[in-house]
Amino acid sequence: MSRALIWFQHDLRLEDNPALQVALKRGQHPIPVYVHDPAETPIGAASAWWLHHSLDALRQRLRALGSDLFLLEGDSAVALQRAAQDTAAEALYWNRSYAPGMRERDQRLSRKFSQNGLHTESFNASLLRDPMQISKFDGSPYRVFTPFWKTLQKLGPARDPLAGCGRLPPPDVKPAAAQPLRSLRLLPACGWDSEFHQHWEPGETSAWRQLEAFLDNHLIDYAEERDLPALMGTSRLSPHLHFGEISAVQIWHRVNRWAQQDRSPGAVAAAEAFLREVAWREFAHHLLFHFPHTADSPLDSRYRAFPWRHDYANDLRAWQQGNTGIPIVDAGMRQLWASGWMHNRIRMLVASILSKNLLIPWQQGAAWFLDTLVDADLANNSFGWQWSAGCGADAAPFFRIFNPVTQAKRFDADGSYVRRWVPQLRKLPNKWIHQPWLAPAPELSNAGIYLDTNYPSPIVSLDSSRKRALAAWKRMKQQTRHGEEV
DNA sequence: TGCCTCTTAAT
DNA sequence: TTAAGAGGC
């Protein structure tokens with residue numbers, strides 16, 4: 001029986017896994033490997049926590065089926081070549097990443113392997129459609145969501161979800177460099193992750209439990225409740241999706257089946273509202289694949305001339321630590337730090353405050369998110385930040401500046417989200433919970449709040465910083481107009 | 001999935 | 001005094 005290396009990356013699942021299935025279909029003996037190569041694919045601290053536990057879960061599933069998962073470290077091409085030699089594998093299969101530089105890396109790898117007489121093959125497992133399969137009539141990539149979404153709805157996923165696997169042949173050989181999980185050093189040293197287990201359970205099994213619970217309890221109300229951060233109205237599947245514990249194809253099929261089976265009015269509309277969000281993820285990956293420079297520079301090139309501030313170090317730190325003095329913003333940043341996740345409505349608000357009211361380059365916010373989110377995903381993150389900063393595809397025009405107090409009153413009317421994450425403000429009446437700086441002194445002292453002692457006053461005036469942002473935007477437009485003339 | 005300001009018209 | 005709509009940023 002010939003052997004095939006199955007190179008796991010962001011596809012940490014056994015069901016609907018094309019690389020694993022092709023080996024089994026061809027009667028090849030699968031040798032599952034994972035290569036930790038932070039130099040090539042950097043990983044934030046919170047996602048590293050997730051990865052550790054997801055690898056553990058995948059390995060346990062593989063062992064339960066009679067196989068194993070071998071953990072390697074270092075340059076992926078080198079590690080895989082050695083593993084192929086050690087195990088006398090004749091083939092290498094993997095599921096593709098569409099992140100910048102990965103296609104070139106995969107081509108180099110394929111060349112090297114075929115020089116040694118080894119067969120290589122890669123598959124799309126993370127997206128509904130390969131990014132090269134979707135384009136406008138003229139062949140160019142989409143830059144606007146709605147036509148992209150219409151095309152995606154018409155085409156649907158590229159395939160039906162693949163089945164899982166039964167008992168696997170035991171690994172009779174193993175790569176010599178295989179390491180124990182803990183030696184990859186993926187867990188934070190300082191105990192920052194102490195609360196993460198209360199909020200999350202990485203792994204394929206719990207990804208499905210999460211999806212089923214969402215379908216049973218929340219999807220029917222998704223359109224109304226997805227914007228209320230105090231509720232669990234969203235699917236919370238993002239980290240499971242990022243690590244490929246569940247695939248977009250699986251979600252697409254399962255949600256459509258739910259819509260067919262659920263008789264209640266609105267089920268079809270609810271399913272479509274949710275799949276539309278899955279399509280935003282698809283759109284973000286489509287954009288980063290076709291415009292790889294947008295990981296750290298604006299898609300709209302006029303924004304290269306945007307007059308960001310330079311002396312923002314203190315404000316950036318206050319934002320990161322949830323000490324801006326604007327409760328809804330601080331609640332979001334503290335939720336992020338404590339749980340590795342933030343509700344999407346609040347992500348938009350904190351991004352707007354950073355890039356517009358504080359005039360801090362969006363890349364600084366993006367970097368913080370990449371380090372602290374368990375669902376940190378280069379495509380979604382770059383897209384989301386550029387959307388918020390007004391410089392991305394289909395972005396909010398720059399002059400659409402959120403007022404976080406107005407937004408908080410609309411989406412956290414009773415203040416329960418703020419009270420959950422900023423307990424200092426717990427006793428403040430609803431009238432002032434979103435703007436404690438306007439509360440009369442007796443109200444503050446009754447609630448035990450001492451501004452600038454146990455809760456800060458706002459680091460910017462919402463009104464004047466809004467005007468400052470609009471002025472900066474106008475300056476950029478003048479500059480670029482001037483630049484075009486020259 | 002914007003906010004602000006102004007206008008108009010109903011009270 | 002307030003609600004609703006329109007237009008500009």
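Quick note: numbers below take in every heavy atom, side chains included, and nothing from hydrogens, waters or symmetry partners. A, B, ... follow the sequence lines: proteins, then strands. Residue 1 opens every chain.
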Could you state the [atom1]-[atom2] distance from [X] to [N], rounded to the nearest angstrom?
X	N	atom1	atom2	result
A:Ile346	B:dT1	CD1	P	13 Å
A:Ile353	B:dG2	CD1	C1'	13 Å
A:Phe145	B:dT1	CZ	P	16 Å
A:Ile401	B:dG2	CD1	P	12 Å
A:Phe411	B:dC3	CZ	C1'	14 Å
A:Glu277	B:dT1	CD	P	12 Å
A:Glu225	B:dT1	CD	C1'	18 Å
A:His343	B:dT1	NE2	P	13 Å

Quiz item: A:Arg347 and A:Asn381: side-chain donor and acceptor closer than 3.5 Å?
Solution: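 Note: A:Arg347 and A:Asn381 side chains miss the donor-acceptor criterion.
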Produce the list of close N/O pairs, under 3.5 Å, pairing protein atoms with atoms of nucleotides 6-9 of chain C; give distances to one decimal.
residue	atom	partner	partner atom	Å
C:dC9	O3'	A:Lys474	NZ	3.3

Self-check item: Parallel, tilted or perpendicular, as decided by the 30° and 60° cut-offs, for the rings of A:Trp192 and A:Phe196
Solution: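 A:Phe196 vs A:Trp192 ring planes: perpendicular.
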Practice problem: Mind telling me whether A:Trp149 and A:Phe145 have parallel, tilted or perpendicular rings, with 30° and 60° as the class edges? | Solution: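 Parallel: the ring planes of A:Phe145 and A:Trp149 meet at under 30°.
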Exercise. Could you please name the option among B:dG2, B:dC4, B:dT1 that lies closest to any side-chain atom of A:Trp280?
Key: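 Nearest to the side chain of A:Trp280 among the choices is B:dT1.
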Exercise. Could you name each residue pair satisfying side chain to side chain donor-acceptor pair (under 3.5 Å) that touches residues 214-223 of chain A, not counting sequence neighbours?
Key: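 Residue pairs passing side chain to side chain donor-acceptor pair (under 3.5 Å), neighbours aside: none found.
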Quiz item: According to the side chain to side chain donor-acceptor pair (under 3.5 Å) rule, which pairs have a member within residues 98-107 of chain A, sequence neighbours left out?
Solution: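 Passing the test, one end in residues 98-107 of chain A: A:Gln9-A:Arg105, A:Glu40-A:Arg105, A:Trp94-A:Asp106, A:Arg96-A:Tyr98, A:Tyr98-A:Asn124, A:Tyr98-A:Asp130.
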Quiz item: At under 4.0 Å, does any side-chain N or O of A:Gln407 touch on OP1 or OP2 of B:dC3?
Solution: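 For A:Gln407, the contact criterion (side-chain N or O under 4.0 Å from OP1 or OP2 of B:dC3) is met.
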Practice problem: Find out whether A:Trp473 and A:Lys356 are in side-chain contact, i.e. whether some heavy atom of one side chain is under 4.5 Å from a heavy atom of the other. | Solution: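 In short, these two side chains do not touch, never coming nearer than 4.5 Å.
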Quiz item: Looking across every strand, which nucleic acid part, if any, lies under 4.0 Å from A:Arg410 by heavy atom: base, sugar-phosphate, or nothing?
Solution: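 Sugar-phosphate, backbone atoms only, no base.
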Practice problem: Determine the contact category for A:Ser352: base if any of its heavy atoms lies under 4.0 Å from a base atom, sugar-phosphate if only primed atoms, P, OP1 or OP2 are that close, otherwise nothing. | Solution: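 Nothing, no nucleic acid heavy atom in range.
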Exercise. Would you please indicate yes or no on a ring centroid separation below 6.0 angstrom for A:Tyr142 and A:Phe283?
Key: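 No, they do not, as the ring centres are separated by 6.0 Å or more.
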